[in-house]
Amino acid sequence: MNSKTADTETRLRFAPSPTGYLHIGSARTAFFNWLYAKKTGGKFILRIEDTDIKRHQEDTISTILDSLKWLEIGWDEGPDVGGDYGPYRQSERLGIYKDYAQKLLEEKKAYRCFCSQEQLREKREEALKINEFYKYDRRCFNLTENEISAKIKSGDKFSIRILIPQNKIISFNDNVYGYIKINSSNVDDFIILRSSGMPTYNFSAAVDDYLMKITHVIRGEDHLYNTPKQLIIYDALGFDYPDFTHLPMILAADGQKLSKRHGSISIESYREEGFLPEAVLNYIALLGWSYDEKTTIFSIDEMTEKFDLKSINKKASRFDYEKLLYLNGYYIRELDENRLEEILIHEITEKNENLRDKSDFLREKLGKIIPVTKKRVRTISDYEKAVLPFFNPVSYSDNTKKYFAKKDFDAKMLLEKSIKSLENLDDSSFTTENIENKLRTISANLGLEFKKVAEVIRIAIWGKPVSPPLFETIEILGSRTTLLRLKNYLDLISQA
RNA sequence: GCCCUCGUCGUCUAGCGGCCUAGGACACAGCCCUUUCACGGCUGCAACAGGGAUUCGAAUUCCCUCGAGGGUACCA
């Protein structure tokens, strides 16, 4: 019974190569794997595919891991936490690949290739020039045993190539793209083990997915036609196939491919820009997946419950920053206010040295500020900027100074009356309600639209024509600060 | 070049032979709410890539064209 449970447990993996940041596309791949593992009560495994020494950048591993952690995509097995099927870094599994390559060699399912990389490149370029399909010519496959031993003896470097069966239909059923078949004659005897002893992707991925008992492979569509190659490896080694799901590509907003140089925005940068992980995840999930004809907002739990491999679509999608912003705004509004407070304190103290050791003061004010401001921002960075005038003195731009010069009402007089009126309120009666009464009374007595009074006060206390709700803002600012700002602004426009 | 895949509003998508005068969301426009900006509510704008074929009937099936993307490496 126990062993049966173990056998049917789903195991999914995310296998990044450490060549850059975690970006939108790979984050979505990681998330879908994670979601499906959660949904099915299985395991999510992290494997580092670091078999290309030339492109490898060690420091990107921690960046990728940090981004995953920030998104709260946690793994059950991986290079840092270990597990029963490790090691989880391909560079530490070289012996394994070598043994399997050796096995294939002995069974004549693979052969040594002594061709130099230069020779091969020339041949390929030549074939391309005359518009011919390039395939390795199997020159080394036709070497006699004697020739081979002689070359080995003289120390010639060699790689190992898989011997592709000829004219065989390789097929599999993809959860998204359906029945995929390819004639093996269209595939090259690709190298499985480089002359350096490092495996190539299609070989190491197949071997590891098998050894790590991966049951479901979910990856980008760019791997769709790598799959038959891996299937050839599976067949040669007598492995069973896992279940395959290929995800449509995510393109940049202009429809071009996402790349490091073009629109590939790292998860790290979204974090810095003030996006919430739940918003990023919700957005990412919608790229290629949908639940019904109406729902846009999904909590992690809902996604886990509703996610389904069969409802992923085939069409490549474009990245839409506006929609991400919308979702982020939504999640900010919905966020628990205590958590929002912590996030904001962190953001504010990080960006404002003068407020660094005032977190008690910030906390007290933020408790009042958050309810009146959170509907007005779409990122945490915007939020920090929007809230700063509560803490730092306002400065008035030239335009702001001249703001009322040409208006048909007397801003100076309104300011004087407001100051006088608000001065009548002591600290304990300096409340939103009383402030509103006082200010509305001024406009009523003068028979003036209230919005004109509001406009003057807003510019004076906030330095901008847009602010959070006026009366609340004044209360939060407090009597002293409010009056100070009103007087400052009055002085300014009186000088003109 | 060769081997493949994909193609519904500007964008993300619903649709799986009649429920479609094609639904939702973002964006955009207008209105309402309102002290500004938002939030929220309402209304509007806006798509089946093109051409054939099958069928009583096609966004849905088939073929061709076009467009986009992938693979074609001792990259992953």
Side-chain angles (χ1 to χ4, degrees), chain A residues 15-19 49-52 54-55 113 115-117 120-121 124 127-135 157-161 174 176-178 180-183 185-188 190-202 204-205 219-229 246 248-249 251 253 255-257 283 286-297 311 313-327 329-330 333 373-378 386 436 439-440 443 449-455 457-459 462 464-471:
Chain A
S17 64
T19 54
E49 306 212 326
D50 53 349
T51 56
D52 183 358
K54 284 180 217 124
R55 301 202 312 164
C113 175
C115 299
S116 74
Q117 293 186 50
L120 293 169
R121 202 190 53 231
R124 194 180 328 121
L128 229 57
K129 218 181 287 173
I130 55 170
N131 284 339
E132 237 172 52
F133 172 54
Y134 170 77
K135 232 166 95 173
K157 288 259 184 198
F158 62 86
S159 60
I160 298 178
R161 309 185 90 108
D174 185 84
V176 172
Y177 291 93
I180 301 288
K181 68 165 193 221
I182 182 171
N183 189 313
S185 299
N186 288 318
V187 355
D188 187 39
F190 62 91
I191 288 171
I192 57 174
L193 208 66
R194 299 167 164 107
S195 49
S196 65
M198 290 299 239
T200 57
Y201 168 72
N202 286 119
S204 57
R219 74 219 321 186
E221 192 248 20
D222 48 339
H223 290 292
L224 191 60
Y225 286 92
N226 278 149
T227 306
K229 294 183 189 172
H246 288 87
M249 300 269 94
L251 273 20
Q256 295 300 112
K257 193 191 173 181
Y283 178 70
L286 260 19
L287 258 22
W289 174 76
S290 63
Y291 173 63
D292 59 14
E293 54 179 48
K294 288 203 161 69
T295 324
T296 302
I297 307 281
S311 53
N313 71 16
K314 298 175 183 173
K315 201 186 98 182
S317 53
R318 300 182 186 204
F319 185 80
D320 182 8
Y321 190 73
E322 281 296 330
K323 192 149 185 177
L324 211 211
L325 271 179
Y326 162 78
L327 284 169
Y330 173 84
R333 270 172 259 140
T373 49
K374 67 174 183 179
K375 286 183 179 157
R376 288 152 221 274
V377 293
R378 301 204 288 178
E436 174 160 13
L439 296 180
R440 285 202 189 272
S443 68
E449 281 178 295
F450 176 71
K451 63 195 300 182
K452 293 184 177 170
V453 178
E455 202 176 8
I457 311 262
R458 174 171 295 113
I459 296 271
W462 210 248
K464 292 173 195 142
V466 172
S467 78
L470 197 61
F471 314 123

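Atoms considered below: every heavy atom in the structure, side chains included; atoms not considered: hydrogens, waters and symmetry mates. Bear in mind the structure is a predicted one, so any value in this text is a computation, not a measurement.
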Exercise. Nearest to the side chain of A/Glu221 - B/U13, B/U35, B/U5?
Worked result: B/U5
Exercise. Nearest to the side chain of A/Arg376, which nucleotide is it out of B/C75, B/U36, B/G71?
Worked result: B/U36
Exercise. Should B/C62 form a Watson-Crick or G-U wobble pair with both distances under 3.5 Å, which nucleotide is its partner?
Worked result: B/G52
Problem set entry | Options B/U35, B/C26, B/C74, nucleotide nearest the side-chain atoms of A/Lys451 | B/U35
For this session: Output yes when at least one side-chain N/O atom of A/Arg194 is less than 4.0 Å from OP1 or OP2 of B/A76, else no.
Result: yes
Exercise. Considering only B/G71, B/U36, B/C26, which nucleotide approaches the side chain of A/Val466 most closely?
Worked result: B/U36
Exercise. Do the side-chain N or O atoms of A/Ser290 get closer than 4.0 angstrom to the phosphate oxygens (OP1, OP2) of B/A14?
Worked result: yes
For this session: Using the P atom on both, measure B/U43 against B/G23 and round to a whole Å.
Result: 13 Å
Problem set entry | Any A/Arg378 side-chain N or O less than 4.0 Å from OP1/OP2 of B/C37 | no
Problem set entry | Side-chain-base donor-acceptor pair under 3.5 Å for A/Ser195 and B/C74 | yes
For this session: Verify the contact: side-chain N or O of A/Thr51 to OP1 or OP2 of B/A76, cut-off strictly under 4.0 Å; return yes or no.
Result: yes
Seminar exercise, completed: Looking only at B/G10, B/U13, B/C75, the nucleotide nearest the A/Ser317 side chain is B/U13
Exercise. Can a side chain N or O of A/Arg318 be found less than 4.0 Å away from OP1 or OP2 on B/A27?
Worked result: no
Problem set entry | N or O in side chain of A/Lys54 less than 4.0 angstrom from B/C75 OP1/OP2 | yes
Problem set entry | Phosphate OP1/OP2 of B/C12: any A/Lys315 side-chain N/O under 4.0 Å | yes
For this session: May I ask you to evaluate whether A/Tyr201 reaches the phosphate of B/A76, defined as a side-chain N or O under 4.0 Å from OP1 or OP2?
Result: no
For this session: Among B/A25, B/C12, B/U36, find the nucleotide with the atom closest to the side chain of A/Arg458.
Result: B/U36
Exercise. Quantified in whole Å, what is the P atom distance between nucleotide B/C2 and nucleotide B/U8?
Worked result: 26 Å
Exercise. Given the side-chain rings of A/Tyr283 and A/Phe319, with only the six-membered ring counted for Trp, is the space between their centroids under 6.0 Å?
Worked result: yes
For this session: May I ask you to verify if any side-chain N or O of A/Arg121 is less than 4.0 angstrom from the OP1 or OP2 atom of B/A73?
Result: no
Problem set entry | Closest-nucleotide 5' rank along RNA chain B - winner of A/Asn183 and A/Thr295 | A/Asn183
Problem set entry | Inter-nucleotide P distance (B/U5, B/U65), Å rounded | 14 Å
For this session: Mind checking the NZ-CZ spacing from A/Lys375 to A/Arg333? Nearest 0.5 Å is all I need.
Result: 8.5 Å
Problem set entry | Check: A/Pro465 and A/Ile459 side chains under 4.5 Å, non-hydrogen atoms | yes
Exercise. Looking at A/Arg124, does any N or O in its side chain come under 4.0 Å of the phosphate oxygens OP1/OP2 on B/A73?
Worked result: yes
Problem set entry | Residues A/Arg378 and A/Glu322 bridged, charged N to O under 4.0 Å | yes
Exercise. How do A/Asp52 and A/Leu324 order along RNA chain B: which one's closest nucleotide is nearer the 5' end?
Worked result: A/Leu324
Exercise. Between A/Asn202 and B/A76, does any side-chain N or O lie under 4.0 Å from OP1 or OP2?
Worked result: no
Exercise. Is any side-chain nitrogen or oxygen of A/Arg333 closer than 4.0 Å to OP1 or OP2 of B/A38?
Worked result: no
Exercise. So, does the side chain of A/Asp188 form a donor-acceptor pair with the base of B/A73 at under 3.5 Å?
Worked result: no
For this session: Indicate, yes or no, whether a donor-acceptor pair under 3.5 Å links the base of B/A25 to the side chain of A/Lys323.
Result: yes
Seminar exercise, completed: Looking only at B/G71, B/U35, B/A14, the nucleotide nearest the A/Phe471 side chain is B/U35
For this session: Check the distance between B/A14's C1' and A/Tyr291's OH and give it to me in whole angstrom.
Result: 13 Å
Problem set entry | Chi angles and distances behind the side chain to side chain contact (heavy atoms under 4.5 Å, CB included) call for A/Arg161, A/Asp188 | CA-CA 9 Å; A/Arg161 309 185 90 108; A/Asp188 187 39; 4.0 Å; yes
Exercise. Taking side chain as C-beta onward, heavy atoms only, is A/Ile180 less than 4.5 Å from A/His246?
Worked result: no
For this session: Check whether any side-chain N or O of A/Lys314 sits under 4.0 Å from OP1 or OP2 of B/C6, and answer yes or no.
Result: yes
